[in-house]
Amino acid sequence: MEDRSEVLFPSFHGVEEEEEEKHKSRKKKEREPRFAFQTRSQVDILDDGYRWRKYGQKAVKNNPFPRSYYKCTEKGCRVKKQVQRLSGDEGVVVTTYQGVHTHPVDKPSDNFHHILTQMHIFPPI
DNA sequence: CGCATTTGACCCGCGC
DNA sequence: GCGCGGGTCAAATGCG
């Protein structure tokens with residue numbers, strides 16, 4: 001983990017979706033890029049340097065553990081984060097980021113111990 | 001006093 | 001058309 005900040009927050013530019021552009025015409029809800037990675041952690045709350053406000057928690061089927069929904073508390077930043085454990089492996093936490101950060105990190109993060117897998121989920125536009 | 005967390009309700013899309 | 005699964009909101013509460 002030399003440069004985790006680059007790994008966790010790649011330069012996702014070009015997908016600037018309008019917020020209140022929900023007219024009935026063209027451009028129907030642009031899909032924000034999603035980025036997911038799995039980590040070995042004992043806590044769901046991984047401090048990546050950003051501020052997250054939990055706005056929901058739902059139990060997913062086929063998973064004994066609930067999924068938590070977080071949103072970035074930054075102004076104008078509508079980045080969402082989704083955290084869930086793997087069924088059968090409570091030691092593995094899957095974190096899914098949705099959207100792009102428009103603000104730099106304000107706090108150095110060191111909680112990313114072991115990143116197992118990373119995957120880019122391209123928006124099915 | 002301000003803000004983050006919590007929990008249930010509500011809403012939406014999809015499949016049957 | 002209804003039911004299920006998933007996602008978000010919103011009011012209340014607790015804590016710093």
Side-chain angles (χ1 to χ4, degrees):
Chain A
M1 280 132 262
E2 301 73 43
D3 210 331
R4 32 173 149 35
S5 47
E6 183 189 314
V7 176
L8 297 175
F9 314 106
S11 313
F12 271 131
H13 47 67
V15 193
E16 221 149 289
E17 38 100 11
E18 307 301 285
E19 184 179 279
E20 302 294 296
E21 207 64 66
K22 42 167 48 191
H23 280 168
K24 71 281 279 333
S25 282
R26 74 274 284 273
K27 198 199 286 198
K28 39 153 55 178
K29 204 64 172 284
E30 287 247 349
R31 216 69 105 195
E32 296 129 41
R34 289 194 291 183
F35 180 66
F37 60 93
Q38 304 177 5
T39 35
R40 242 177 172 282
S41 176
Q42 297 164 12
V43 277
D44 297 9
I45 318 290
L46 291 172
D47 189 27
D48 48 14
Y50 287 106
R51 207 64 161 218
W52 302 96
R53 173 187 122 251
K54 184 191 241 174
Y55 68 91
Q57 180 173 321
K58 269 297 259 258
V60 281
K61 229 178 168 26
N62 240 235
N63 246 72
F65 305 104
R67 174 187 292 167
S68 304
Y69 301 92
Y70 298 89
K71 211 188 283 192
C72 188
T73 64
E74 242 165 85
K75 170 194 155 18
C77 197
R78 44 220 175 246
V79 178
K80 283 176 275 186
K81 181 167 80 169
Q82 201 170 100
V83 177
Q84 82 178 108
R85 290 179 189 271
L86 283 189
S87 49
D89 255 313
E90 54 174 276
V92 180
V93 178
V94 184
T95 310
T96 307
Y97 284 91
Q98 193 166 134
V100 255
H101 277 287
T102 61
H103 210 262
V105 192
D106 195 63
K107 195 202 294 181
S109 54
D110 226 33
N111 286 309
F112 293 105
H113 308 295
H114 313 293
I115 298 183
L116 301 179
T117 328
Q118 313 154 22
M119 38 190 157
H120 299 264
I121 305 164
F122 289 96
I125 187 163

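Because the structure is a prediction, the values reported are computed rather than measured. We name chains A, B, ... by the order of the sequence lines, and we start the count at 1 in each one.
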Q) Does Tyr69(A) place a side-chain N or O at less than 4.0 Å from the phosphate oxygens OP1/OP2 of dG7(C)? A) yes
Q) Does Lys80(A) place a side-chain N or O at less than 4.0 Å from the phosphate oxygens OP1/OP2 of dG7(C)? A) no
**Q.** Residue closer to the 5' end of DNA chain C, Lys71(A) versus Val60(A) (nearest nucleotide)
**A.** Val60(A)
Q: Please state whether the base of dG5(C) and the side chain of Lys61(A) form at least one donor-acceptor pair under 3.5 Å?
A: no
Q | Least distance between heavy atoms, Ile115(A) atom then Phe37(A) atom | A | CG2-CB, 4.4 Å
Q. Which residue lies toward the 5' end of DNA chain B, Lys54(A) or Lys58(A), if each is placed at its nearest nucleotide?
A. Lys54(A)
(Q) Please report the distance, rounded to the nearest Å, between CH2 in Trp52(A) and P in dT5(B). (A) 12 Å
Q) What is the minimum heavy-atom distance between Arg85(A) and Asn63(A), and which atoms define it? A) O-ND2, 2.8 Å
Q | Closest non-hydrogen atom pair between Thr39(A) and Thr95(A), with its separation | A | OG1-OG1, 4.3 Å
Q) Would you say a side-chain N or O of Arg67(A) is under 4.0 Å from OP1 or OP2 of dG7(C)? A) yes
Q: Classify the ring geometry between Trp52(A) and His101(A) as parallel (under 30°), tilted (30 to 60°) or perpendicular (over 60°).
A: perpendicular
Q. Gln84(A) CD to dG7(C) P: how many Å, rounded?
A. 9 Å
Q. Taking CG from Asn63(A) and P from dG6(C), how many angstroms apart are they, rounded to a whole number?
A. 9 Å
Q.
Counting only side-chain nitrogens and oxygens, does Tyr55(A) get under 4.0 Å of the OP1 or OP2 atom of dC9(C)?
A. no
Q: Could you check Gln57(A) against Thr73(A) and say which one's nearest nucleotide on DNA chain B is further toward the 5' end?
A: Thr73(A)
